[in-house]
Every structure is written in structure tokens, then in C-alpha cells.
Amino acid sequence: MVGVKHKYSIWGGRFKNQTDAVMENLNASIFFDHKLAKFDVAGSKVHARMLAKQGILDDEEATSIQQGLDTILTEIETGKFEPRVELEDIHMNIEARLAELIGPIAGKLHTARSRNDQVATDFRLWIRNQIDITVGLIHELEVALVHKSNENIDTIMPGFTHLQCAQPITFAHHLLAYVAMLDRDRCRFLDARKRLNESPLGSAALAGTSFQIDPTYSARELSFDKAMLNSLDGVSSRDFALEFLSASAICATHLSRLSEEIVLWTTSQFDFIKLSDKFTTGSSIMPQKRNPDAAELIRAKTGRINGAFVALLTVMKGLPLAYSKDLQEDKEPVFDTAETIQNVLPAMTGMINDLEPNIEMMKQSSEFGFSTATDLADFLVRKYNLPFREAHQIVGKLVLLAEQKSCNLKGLSLEDLQGVYKKLEVDALDTLSVEGSVNSRQSIGGTSSTSVMNQITYWKEHLKCE
Ligand code: ARG
């Protein structure tokens, strides 16, 4: 960044003295809003074309402005563009450079426009682009999860409630729950995109403009669905940015839950999965360690994204219409969030693609904690036509008995069974296998292989993947 005083003055007319250096630093957004450069050029080119179409600029002026802007774009792309702090933001830096390149005609570009509608336009374009990238990355993760599920339709693991072993499920079923969550995340981004996709260009400072502009043309040229209906809304609303942040926060929260499970599953206590070397790290002191750092970082970065959402909500809360400089603080949380979410999504995809389930261990663990006790209760309901509550009582007593005898339910004798409920016979114990339990759950969305296969077929079609 160049900090030398610059001769180009945007509002010089009304001011006698120079801005204080402290103020200049506080006021400047160029340190971060240079990210908008490409979209600022695109918006300005369209604005110039619209002004020419409306006869507000002549064709020669519009061509010269557009050529100048193209030169600036090349300078930006080749790292030759040198923004200056005293020019405050990307918009004024580009305008000043345009004046250097084409002379005073550059000043005509700002006819019927304000930085207020300019920045709102740029920011919408920027976020729209980030949404498209993010949606693609979520899709890749969904596909990875579907593939991993496909390989693990028969991999039995414990399902938990309260993190206590509850009922046996399959690994595929567990992973597919995340596909459903992530798919809603993807739809949330796409849905936000629809609402975002309106053009504020033409709102000018706040009240619209007295020039005969054509905002619908500008909107169309920038691939917006339409021009915004209200100029005050156009310059002062940032709910599109909040929606991007909230969709990111919810998505990050899902990734964080999966990360937490990965962290648990890789412990030697669980030992359910092995991560590849590509997504683990060692310890500088303990040679035996394999740490799931990627999962831990994803879990932690969720805090950062949630923080960004709260930060912008707080900036917006209580802001009167229309523009206030507070709105300049809308960008950093969004920039940081976009970078973070696009960092963590491929890391999760990589972990999922590479992870190997420890099939034996998962199965063994699914037998703990009387995990098929509900199946026995269901059996009693069916065979003896008992109310479920009564069956629940009987099985509860059997579990207590097994605990006292330090065995599992299968270890109980016929005498034990009939001591609790006299009609019981040994066939009741056939219901206790984890495979039987899993495959009996054929309800829609259940954990049986047929239900899981239905889910996989649905996702393959929905995600257009094989
Ligand atoms: N850098 C400013 C921002 O990001 C641009 C808009 C400035 N508008 C104004 N009225 N000072 O919000």
C-alpha cells in the first residue's frame, strides 16, 4: 500500500485542511476492500455503458472510460495496481487511477451514482461469486460422504443418545445424516443467492437520481434478476451479507459436529476409524501420537465464523437509514468467513475420502450397553400383544438382572427369563443380534440396509453423482 499524499481529490471542494493521518487510517477500507476490485470495474463498465445508452455520456466518453477500466483490471490482475491509503477505498482508488489514465473524462463516470450504491453492488457481486464457490465445495463433500456410505452399508456401529450406546446402526446411516444436513446448507446458500440477486445500482446516494437512468439494463448486464425497488433499501440493507454469514455459521456448525465425532472416533478408546497421514499430524515429543488436527481446526474455526455473524448483526442493529459509515465494517467478517469456510470444506472432504473404518471394533462396540434391549421389548409387544410400556418394564428388569450377574442379555438362562415374565421362552434371545436389530429397522429413514440403500439412491440422483 502506498501512503504518499496524492493529488487526486474526491471531495476537496468543501475542505480547507488535510485529513489527520489517524483519521485517514481509521477511515480507510482499502486494506481489505481491494478484494472488490474486479467487481468494481465490472459495475463501473456497465454503469458507463448505461449512461451512454441513455445519452448521458457520449459514446466516445463511454468507450474511453471502459478502455481505461480494462487497463486498470489488467493492472490489478498483474499486481501492478498500487492503491493509496489516502484514497480511502477501492472505489476512489480506481476512479483516481482512471483519471490518471484518461484525464478529466474519468469524473463523468460518477454521474448518477454514489459510492453507496457502488459498494452495495460490488459487495453483492462478490458474495454471489463466493456463494457459487461454496455451494460447489459443499456438493463435493456430500459426494464424498455418499461414496463412503456406499462402502459401509453393512458396517455396524453403535448409535448413541446422550453419547451412551443406544441402538446399533450402520456407519453408512450415520454419514448419510450429514449428507442431509449439508444438502440443506447448500440449499440455504442457493436460497440466499436468490434474494441477494437484485441490483442496487441506480439507488445513488440514497434517494435515487434526477438523471434518466436505466437500472434494469444495469441489473441485467450484471446478471442480477432485477433492479431494487427502493433506493434506501438498496444502499443500506446488508441482510444479503447476514444470510451468507448465517448459512456459513450453520454449515460450519454441522462440520464442527462431524469433526467432534471424528476426534472421538480416532481416540484409542473408541478406535472406530483411522485417518490418513494426509490429514493427521504427529507430536514433537510423543512419538506414538497421531492427532486429528484437521478435525480440531474445523471445530475451532466454527467459533470464528459464528463470531463473524454476530459481529455483523451487531453492526447492523440500530443503524438508521440510509448509509452510515458503520456499513464499511460489513466486509471483513464476510471476507474472513468466505475464506474460512472454503478452507474447511475441502479439508473435511479429504478426511472423509481417506478415512478407514475399523469394522471389527465398531461392531464389537455396538454390542455394548444392552444395545438391542429395545428389540427385545418390540418382540414382546408383537409376540404377547403387550403394551409397549409393560414390555419396557420387563426388559428393564432383565437388564438389571444381567447387570447383577455381570453378563449380557444372551447370558441369561430360561429360568432367569421366566422369573421376570413367566411366558418368556428362549426364542426371545434370538432378537438380540445387532445385525437382526439393524435390518429390522426398515422404516423410511431407518438404518436397515434396504432403507440406507434407498437413501443412497436418492442422493446419487439428487447430487447427480455415481
Ligand atoms: N468504503 C465505503 C464502504 O465500504 C464506501 C462507501 C462510502 N460512502 C460514504 N458515504 N462515505 O462502505
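First listed ligand is number 1; within each ligand, the first listed atom is number 1. Just so we're clear, the structure is a prediction, and the values are computed from it rather than from any experiment.
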Listed pairs under 3.5 Å, donor-acceptor, residues 155-167 side chains, sequence neighbours left out:
{"unit_1": "Thr155", "atom_1": "OG1", "unit_2": "Asn152", "atom_2": "OD1", "d": "2.7"}
{"unit_1": "Gln167", "atom_1": "NE2", "unit_2": "Thr374", "atom_2": "OG1", "d": "3.1"}

Could you list the donor-acceptor pairs under 3.5 angstrom formed by side chains in residues 196-216, with sequence neighbours left out?
{"unit_1": "Asn197", "atom_1": "OD1", "unit_2": "Arg128", "atom_2": "NH1", "d": "2.8"}
{"unit_1": "Asn197", "atom_1": "ND2", "unit_2": "Ser223", "atom_2": "O", "d": "3.2"}
{"unit_1": "Asn197", "atom_1": "ND2", "unit_2": "Asp225", "atom_2": "OD1", "d": "3.3"}
{"unit_1": "Ser199", "atom_1": "OG", "unit_2": "Leu201", "atom_2": "N", "d": "3.2"}
{"unit_1": "Ser203", "atom_1": "OG", "unit_2": "Pro200", "atom_2": "O", "d": "2.8"}
{"unit_1": "Thr209", "atom_1": "OG1", "unit_2": "Phe211", "atom_2": "N", "d": "3.1"}
{"unit_1": "Asp214", "atom_1": "OD1", "unit_2": "Thr216", "atom_2": "N", "d": "3.3"}
{"unit_1": "Asp214", "atom_1": "OD1", "unit_2": "Tyr217", "atom_2": "N", "d": "3.1"}
{"unit_1": "Asp214", "atom_1": "OD2", "unit_2": "Lys53", "atom_2": "NZ", "d": "2.8"}

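- Heavy-atom contacts of Gln328 reach the following atoms of ligand 1: 1 (N), 2 (C), 3 (C), 4 (O), 12 (O) (cutoff under 4.0 Å).
- When heavy-atom distances to ligand 1 are checked against a 4.0 Å cut-off, Lys331 comes that close only through its side chain, counted from C-beta outward.
- Backbone and side-chain nitrogen or oxygen atoms of Lys325 are examined, and none is located within less than 3.5 angstrom of a nitrogen or oxygen of ligand 1.
- Thr253 and Arg257 form no side-chain donor-acceptor contact under 3.5 Å, judged by distance and modelled atom types alone.
- The shortest N or O to N or O distance between Glu88 and ligand 1 is not under 3.5 Å.
- Which parts of ligand 1 touch Ser29 is read off a 4.0 Å heavy-atom cut-off, strictly below it: atoms 1 (N).
- Between the side chains of Glu261 and His174, at least one donor N or O lies within less than 3.5 Å of an accepting N or O.
- For ligand 1 and Asp89, the ligand atoms under 4.0 Å from any heavy atom of the residue are 1 (N), 2 (C), 5 (C).
- Residues Phe272 and Phe171 place their aromatic rings such that the two centres sit no closer than 6.0 Å.
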